[in-house]
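In the text below, chain A, chain B and the rest are named by the order of the sequence lines, each starting its count at 1. Small disclaimer: the values here were computed from a predicted structure and weren't measured.
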Protein chains: 2
Amino acid sequence: MRKMYRVRVQILPKEGVFDPQGQTVKGALEKLGFEKVKEVRLGKLIEIVLDAEDESQVKERTKAMCEKLLANPIIETYQLLDVEEVS
Amino acid sequence: MRKMYRVRVQILPKEGVFDPQGQTVKGALEKLGFEKVKEVRLGKLIEIVLDAEDESQVKERTKAMCEKLLANPIIETYQLLDVEEVS
């Protein structure tokens, strides 16, 4: 019996990796008057709906997707934020 | 006494809004053999380090940043995922 799941994955530049998009957002925030911002890092949030047999299969597949396509392991880290069953 | 906080914000295309990046990722996953993927939505994950007096000020400022710059309220929703104090 297969079920549908929704999983959320976060992908962020690793600490110390140059993040030009984050720098740009930081600069724009400062110009808007948010001068207390010390650091901005910009990453991706990917929401995937897939069908699978159970939650552990969802996690295993999502991990494989991150390693093969979604994240660049040299400069980014990925993290599964949550998995929920959807009807 | 001011403290440093790290806040994470998620920005996603609204349900029903056309998401060409998500479609592209879905197509690429299918080509890699992940044929059980039904939907992919691609958004942003923004991590901000800022100083503030307390957590409620952090939330208020982050909300203002989302409304003024980070999210496009016509096509995107934003959500504060968490706030943590950093040393």
Connected via hydrophobic side-chain network under 4.5 Å: A:Leu12 and B:Leu12 = yes

Any idea which of B:Arg61, B:Lys68, B:Arg8 has the most non-hydrogen atom pairs under 4.5 angstrom with chain A?
-> B:Arg8

Inter-residue atom distance A:Lys59.NZ - A:Tyr5.OH, 0.5 Å rounding = 10.5 Å

Which of residues 69-77 of chain A get closer than 4.5 angstrom to chain B, counting heavy atoms alone?
-> A:Leu69, A:Leu70

Do B:Glu67 and B:Tyr78 touch side chain to side chain, with heavy atoms closer than 4.5 Å?
-> yes

Contacts of A:Glu39 that satisfy side-chain hydrogen bond (donor to acceptor under 3.5 Å, both in side chains) - sequence neighbours left out = none

Could you walk me through whether B:Arg41 and B:Glu15 pass side-chain contact (heavy atoms from CB on, under 4.5 Å), step by step?
-> CA-CA 9 Å; B:Arg41 289 199 300 150; B:Glu15 292 274 355; 3.8 Å; yes

Can you check whether anything in residues 17-29 of chain A gets within less than 4.5 Å of chain B, heavy-atom wise, and list it by number?
-> A:Val25, A:Ala28, A:Leu29

Among residues 44-56 of chain B, which residues come closer than 4.5 Å to chain A, judged by heavy atom distances?
-> B:Lys44, B:Leu45, B:Ile46, B:Glu47, B:Ile48, B:Val49, B:Leu50, B:Asp51

State, yes or no, whether a side-chain contact exists between B:Gln57 and B:Arg2 at a heavy-atom distance under 4.5 Å.
-> yes

To the nearest 0.5 Å, what is the distance between OG1 (B:Thr62) and CZ (A:Phe34)?
-> 8.5 Å

Give the minimum heavy-atom separation between A:Gly43 and A:Pro13, together with the two atoms involved.
-> CA-CD, 4.2 Å

Is it the case that more than 12 heavy atoms not belonging to A:Lys14 sit under 6.0 Å from its NZ atom?
-> yes

Out of curiosity, does A:Val83 fall in the hydrophobic cluster containing B:Leu81 (side-chain heavy atoms, cut-off under 4.5 Å, transitive links)?
-> no

Heavy atoms of other groups near A:Lys63 NZ, more than 12 under 6.0 Å | no

Do the side chain of A:Arg6 and the main chain of A:Val86 share a donor and acceptor less than 3.5 angstrom apart?
-> no

Option in B:Leu32, B:Val37, B:Val9 with maximal non-hydrogen atom pairs under 4.5 Å from chain A = B:Val37

Give the cluster check for B:Ile11 versus A:Ile11: same hydrophobic cluster or not, with ILVMFWY residues linked at side-chain heavy-atom distances below 4.5 Å.
-> no

